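Accompanying notes for the structure given below.
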Number of protein chains: 2
Amino acid sequence: MTSLMKTTFGEYIRLLRTEKELTLTQLAAKLDLDSANLSKIENGKRDFDEKRLPKLAKIFRINLKQLSNEYLTDQIGKHIYETNCSKQLLQVAEEKAEYRRLKSTKTI
Amino acid sequence: MTSLMKTTFGEYIRLLRTEKELTLTQLAAKLDLDSANLSKIENGKRDFDEKRLPKLAKIFRINLKQLSNEYLTDQIGKHIYETNCSKQLLQVAEEKAEYRRLKSTKTI
DNA sequence: ATAAGACTAGTCATATTTTGACAAATTTAT
DNA sequence: ATAAATTTGTCAAAATATGACTAGTCTTAT
């Protein structure tokens with residue numbers, strides 16, 4: 001696994017976009033999205049819709065799996081942040097995830 | 001912090017309920033909830049609505065903060081489970097949460 | 001056998017949340 | 001000052017979650 005960005009997903013999109021010197025309008029068009037909404041996404045005021053990940057990967061020629069991981073870690077990171085979940089509680093959450101995993105294999 | 005349950009929140013409610021020998025109908029009434037829906041909650045087919053945590057804490061005389069942590073870790077654990085987030089990616093997610101924390105203090 | 005209670009599953013209308021689309025305001029660059 | 005780029009606000013529509021009700025199964029007592 002390559003190293004992932006320690007930024008928000010919105011900031012990451014902005015980074016990609018400005019690197020390629022695209023305007024919001026230009027990228028938004030490629031993503032079939034309103035430029036005003038893309039602006040909100042980059043500024044963390046809205047979420048990027050998961051269904052557009054393949055398009056985004058294609059536009060910037062990024063590995064989709066890698067990009068999806070970027071997205072996933074952002075989403076969970078946001079959840080952790082918004083709920084003020086401490087490292088200690090996160091450890092418990094991970095154990096509960098593990099419990100769910102075990103449970104699901106049992107019931108197959 | 002006391003140790004938290006390594007079960008789902010629904011299972012935890014069921015545990016509390018059966019310990020007190022309450023029926024779904026009885027507990028649902030106390031929670032101002034339909035018994036069929038409480039059944040779904042205990043079986044993990046619906047989420048417990050956060051707004052009822054204070055009621056739940058009161059009914060079983062549990063510390064609300066403790067119960068809220070139980071709830072929070074369940075929610076994040078569920079998120080981790082449902083997205084199939086590996087420990088490695090969870091570490092990245094935690095770093096991203098930390099990044100958001102730093103960012104929020106800067107902009108105050 | 002059947003009646004009653006406990007629980008589960010399905011459905012549907014309503015409430016809540018998220019998204020898309022547009023207009024208008026603000027910022028930035030020339 | 002103008003034009004382009006970006007941001008903000010608003011609102012209807014789409015998607016999702018919740019509450020309420022119905023019907024069903026299963027167990028237990030009579």
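Only a predicted model underlies this, so the values are computations on that prediction, with no experimental measurement involved. Letters A, B, ... mirror the listed sequences (proteins, then strands); counts begin at 1.
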(message) OP1 or OP2 of D:dT6 versus the side-chain N and O atoms of A:R17: is any pair under 4.0 Å?
(response) yes
(message) Output the rounded distance in Å from NZ (A:K40) to P (C:dA21).
(response) 12 Å
(message) Can you see if the side chain of A:R52 gets near the phosphate of C:dG20 - specifically, an N or O under 4.0 Å from OP1 or OP2?
(response) yes
(request) Among the candidates C:dC7, D:dG19, C:dG10, find the nucleotide nearest to the side-chain atoms of B:A36. (result) C:dG10
(request) Can you tell me the distance, in whole Å, between the CG atom of B:D34 and the P atom of C:dT8? (result) 13 Å
(request) Can you tell me the distance, in whole Å, between the CD atom of A:E21 and the C1' atom of C:dA29? (result) 14 Å
(request) Select one nucleotide: of C:dT19, D:dA5, D:dT18, the one nearest the side-chain heavy atoms of A:T23. (result) D:dA5
(message) Does a side-chain N or O of A:R14 approach OP1 or OP2 of D:dT7 to a distance below 4.0 Å, or not?
(response) yes
(message) Whole angstroms only, please: what is the CG-C1' distance between A:L27 and D:dA5?
(response) 14 Å
(message) Can you measure A:D49 atom CG to D:dA13 atom P for me and round it to whole angstrom units?
(response) 20 Å
(request) Whole angstrom is fine here: how far is it from CG in B:L24 over to C1' in C:dC7? (result) 6 Å
(message) Using OP1 and OP2 only, check whether a side-chain N or O of A:S39 sits under 4.0 Å from D:dT7.
(response) yes
(message) Without decimals, in angstroms, what is the distance between A:L31 CG and C:dT19 C1'?
(response) 15 Å
(request) Send over the distance from B:E42 CD to C:dA6 P, rounded to a whole Å. (result) 14 Å
(message) Quick check for you: among C:dA6, D:dG19, C:dG20, whose closest atom lies nearest to any side-chain atom of A:R46?
(response) C:dG20
(request) Indicate whether OP1 or OP2 belonging to D:dA20 is found under 4.0 Å from a side-chain N or O atom of B:N37. (result) no
(request) Please name the residue in the list B:L56, B:N69, B:L53 that meets the side-chain contact (heavy atoms from CB on, under 4.5 Å) test with B:L64. (result) B:L53
(request) Flag the pair A:E98 and B:K6 as a salt bridge only when some basic side-chain nitrogen lies within less than 4.0 angstrom of an acidic carboxylate oxygen. (result) no
(message) Any salt bridge linking A:E95 with A:R100? Criterion: basic side-chain nitrogen under 4.0 Å from a carboxylate oxygen.
(response) no
(request) List the steps and the verdict of side-chain contact (heavy atoms from CB on, under 4.5 Å) for B:L27 and B:I13. (result) CA-CA 10 Å; B:L27 177 56; B:I13 294 178; 3.9 Å; yes
(message) Does this structure show an ion pair linking B:E94 with B:R101, if we count only N-O contacts that are shorter than 4.0 Å?
(response) yes
(request) Considering just the side-chain nitrogens and oxygens of B:K45, establish if one lies under 4.0 Å of OP1 or OP2 belonging to C:dT8. (result) no
